[in-house]
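As a basis for the values below, the full set of heavy atoms in this structure was taken, side chains included, without hydrogen atoms, waters or symmetry mates.
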There are 2 protein chains.
Amino acid sequence: MSQHRHPGASGRAGAVPALPDLPEATVARLPEYLRALHNLADAGHETVSSEGLSAAAGVNSAKLRKDLSHLGSYGTRGVGYDVALLIEQIEYVLGLTQRRAVALVGVGNLGHALAGYDGFASRGFRIAALLDADPSRVGEEINGLVVRHVDELPAIAVEESIAIGVIATPAAAAQRVADQLVAVGVTSILNFAPCVLSVPEGVDVRKVDLAIELQILSFHEHRKASLTALPATGGSALTALPGGLAATDTQEAIGT
Amino acid sequence: MSQHRHPGASGRAGAVPALPDLPEATVARLPEYLRALHNLADAGHETVSSEGLSAAAGVNSAKLRKDLSHLGSYGTRGVGYDVALLIEQIEYVLGLTQRRAVALVGVGNLGHALAGYDGFASRGFRIAALLDADPSRVGEEINGLVVRHVDELPAIAVEESIAIGVIATPAAAAQRVADQLVAVGVTSILNFAPCVLSVPEGVDVRKVDLAIELQILSFHEHRKASLTALPATGGSALTALPGGLAATDTQEAIGT
DNA sequence: AGGCGCTTGTGAAGACGTGCACAAATCGCG
DNA sequence: CGCGATTTGTGCACGTCTTCACAAGCGCCT
Ligand SMILES: NC(=O)c1ccc[n+]([C@@H]2O[C@H](COP(=O)([O-])OP(=O)(O)OC[C@H]3O[C@@H](n4cnc5c(N)ncnc54)[C@H](O)[C@@H]3O)[C@@H](O)[C@H]2O)c1
Ligand SMILES: NC(=O)c1ccc[n+]([C@@H]2O[C@H](COP(=O)([O-])OP(=O)(O)OC[C@H]3O[C@@H](n4cnc5c(N)ncnc54)[C@H](O)[C@@H]3O)[C@@H](O)[C@H]2O)c1
């Protein structure tokens, strides 16, 4: 993962803006907690126990408590966590108190879907620009936004204070687009193209690759099939084997 | 199916489906290697060193060698890996030798994009069915496939031997759809809806959540900002753009 | 006030993943 | 035929993540 270590200075005496140095695994789960908390808030809950929240988020409760303890958030022993307060805390840590502007590059098949997605707005982001290289797409209006040419990126980046770039172009164009984004100061990129991007230090890239997800599922499917071929024990379908085989990082049954 | 016997060394005398028990982290990287290998093959390479392949896949070379050693794949010391052979091996382990049938449930905004995505076909999968609950969508033809009603799932599952279900419905409907998929014997689900699915033991669920990815990026953005704000390095507020382009492409790409 | 039940926060142990560094294996060449 | 160049495969040490288990803290009830 990130190979940089930021030396010390974790003990800021500042009141509010003491940004803790969270484990990456924790950061990846915070959004999940946040979503669960919003659901709970909508359902009228004012407090929630680690047990309840962890169930809603699909994780182990001890893990949740440790995660929350990392960001210094306080629950109340014997009671649980204040839902509204916790939402506020997590949103602050994730930097969602400011609505970040997103530039979406590549308004094709997938780009159209993303452009019309309301999950951006409801989860703390704002699509500020739609960009494409194809002249025939430039000018098209989607969801109130007009597609502009990718060459206008420098101007747009300034206009809109773009914080995050989303790449939804074919793989062949992705590196070039990434370079353009980096050139205008974007330091966070979400890449949907199936390729590795090379970016300067300090720029974060996350990748979403549908085919990879399917192939991982395929592996487990394959393994499950090769296992059911072997065991000669009981004929029952599923043996409720306790504490047995490992649960992977994919969510498995939420039994118990 | 067809497995390659290797001369000498650890020839496992076992039967065919001796699938090694790969670390989950390795499984998650194999598809990445596979994609890189296909690129190399298309470019005419017949062999590749761990150094070369790892660079193409954006990982550490030692990690790559360890990953490959886990699946018992053989390279040749002093030479590298045979590209074609390695492709075959990885595809076998991932269970891609059979083209798995995918059922896509929820043909809305996102579903349309997925239905038109050629990355399914080119990476070992076949969209076998498009399903929706909205009668006004049923009957629509997309990419040569007709949208059918989700209630037909049981029949379709048999017809097409559905192996994987993809959920692209609103979150409110996702659990119900998951239950329906499980009921017809699907044991692998890819979920695009932002919610936790509860499924019986033995069923694998993977989730893709765009907002989570953005929020993770937001966190790092926030942290980067809070770091450049404090350190009293008299430097200008402008982050000194590295003179040229990326001199060193130390991939900071966030994995997994 | 005191006790009791509930829940948090965390120490410790172990599982897991990573990357270095090097011996072993292989090839090409003189 | 042997030697050096090259590259794999892996032992080992280290860091990260997960999970258990439990003391400490809190509120409520008597
Ligand atoms: N469609 C899906 O469901 C899906 C799913 C997962 C991943 N992906 C990936 O997302 C990417 C886009 O997929 P798609 O189906 O939307 O493809 P698409 O061809 O429909 O759209 C690509 C768009 O990018 C634009 N473009 C090309 N070069 C550009 C450049 N240099 N600058 C700006 N815009 C440029 C094109 O004009 C086009 O509008 C691909 O890499 C694909 O592999 C797609
Ligand atoms: N659009 C995006 O870019 C995007 C990105 C990430 C995640 N998502 C998520 O993907 C899901 C779908 O998003 P969308 O934008 O396509 O929404 P959408 O409303 O456009 O499409 C949802 C489709 O699901 C169908 N549906 C509803 N209930 C169903 C049921 N019980 N069985 C079968 N079909 C049913 C609807 O008829 C509709 O066609 C949502 O959960 C969304 O949060 C969307």
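- Residue B:Ser49 places its side chain closer to D:dT7 than to any other of D:dT7, C:dT18, C:dT8.
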query = How would nucleotides 20-30 of chain D be written as a contact map, 5' to 3', with B for base contact, S for sugar-phosphate-only contact and - for no contact, using protein heavy atoms under 4.0 Å?
reply = BB--BBBS---
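- The nearest whole Å value for the distance from the CD atom in B:Glu24 to the C1' atom in D:dT16 is 17 Å.
- B:Asp82 places its CG atom 13 Å from the P atom of D:dT8, with the value rounded to the nearest Å.
- We find that CD of B:Glu51 is positioned 16 Å from C1' of D:dA5, with the value rounded to whole Å.
- The number of heavy-atom neighbours closer than 6.0 Å to CZ of B:Arg176, taken from other residues, nucleotides and ligands shown, is 12 or below.
- The nearest whole Å value for the distance from the CG atom in B:Leu22 to the P atom in C:dC16 is 14 Å.
- Note: NZ (B:Lys63) to P (C:dG17) measures 11 Å, nearest angstrom.
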Which atoms of nucleotides 28-30 of chain C (N or O only) lie under 3.5 Å from a protein N or O atom, and what are those distances?
none

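- A:Asp82 and A:Thr47 are not linked by any side-chain donor-acceptor pair at a separation below 3.5 angstrom, with hydrogens and angles left out of the test.
- For C:dG9, the OP1/OP2 oxygens have a side-chain nitrogen or oxygen of A:Tyr81 closer than 4.0 Å.
- A donor-acceptor pair is defined here as one N or O able to donate and one able to accept, closer than 3.5 Å; such a pair exists between the side chain of B:His222 and the backbone of A:Tyr92.
- A:Leu64 has its CG atom 10 Å from the P atom of C:dG9, to the nearest Å.
- What separates CG of A:Leu85 from P of C:dT8 is a distance of 14 Å, to the nearest Å.
- Here B:Lys207 pairs with A:Glu32 in a salt bridge; the nearest charged N to carboxylate O distance falls below 4.0 Å.
- Atom pair B:Asp21:CG and C:dG17:P shows a separation of 11 Å (rounding to whole Å applied).
- Judged purely by atom type and a 3.5 angstrom limit, B:Ser54 uses its side chain to pair as donor or acceptor with the backbone of B:Ser50.
- A salt bridge does not link A:Arg223 with B:Asp204: none of the charged nitrogens is closer than 4.0 Å to a carboxylate oxygen.
- For A:Glu46 (side chain) and A:Ala41 (main-chain N/O), no donor-acceptor pair under 3.5 Å exists by modelled atom type.
- By the side-chain hydrogen bond (donor to acceptor under 3.5 Å, both in side chains) test, B:Glu221 is found to be paired with A:Thr187, A:Ser188, residues two or more places apart in sequence or in another chain being considered.
- Note on B:Ser50: every side-chain N or O is 4.0 Å or more away from OP1 and OP2 of D:dT7.
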ask   = Does the pair B:Val93 and B:Leu22 meet the rule for a side chain to side chain contact (heavy atoms under 4.5 Å, CB included), with working shown?
value = CA-CA 10 Å; B:Val93 170; B:Leu22 302 181; 3.7 Å; yes
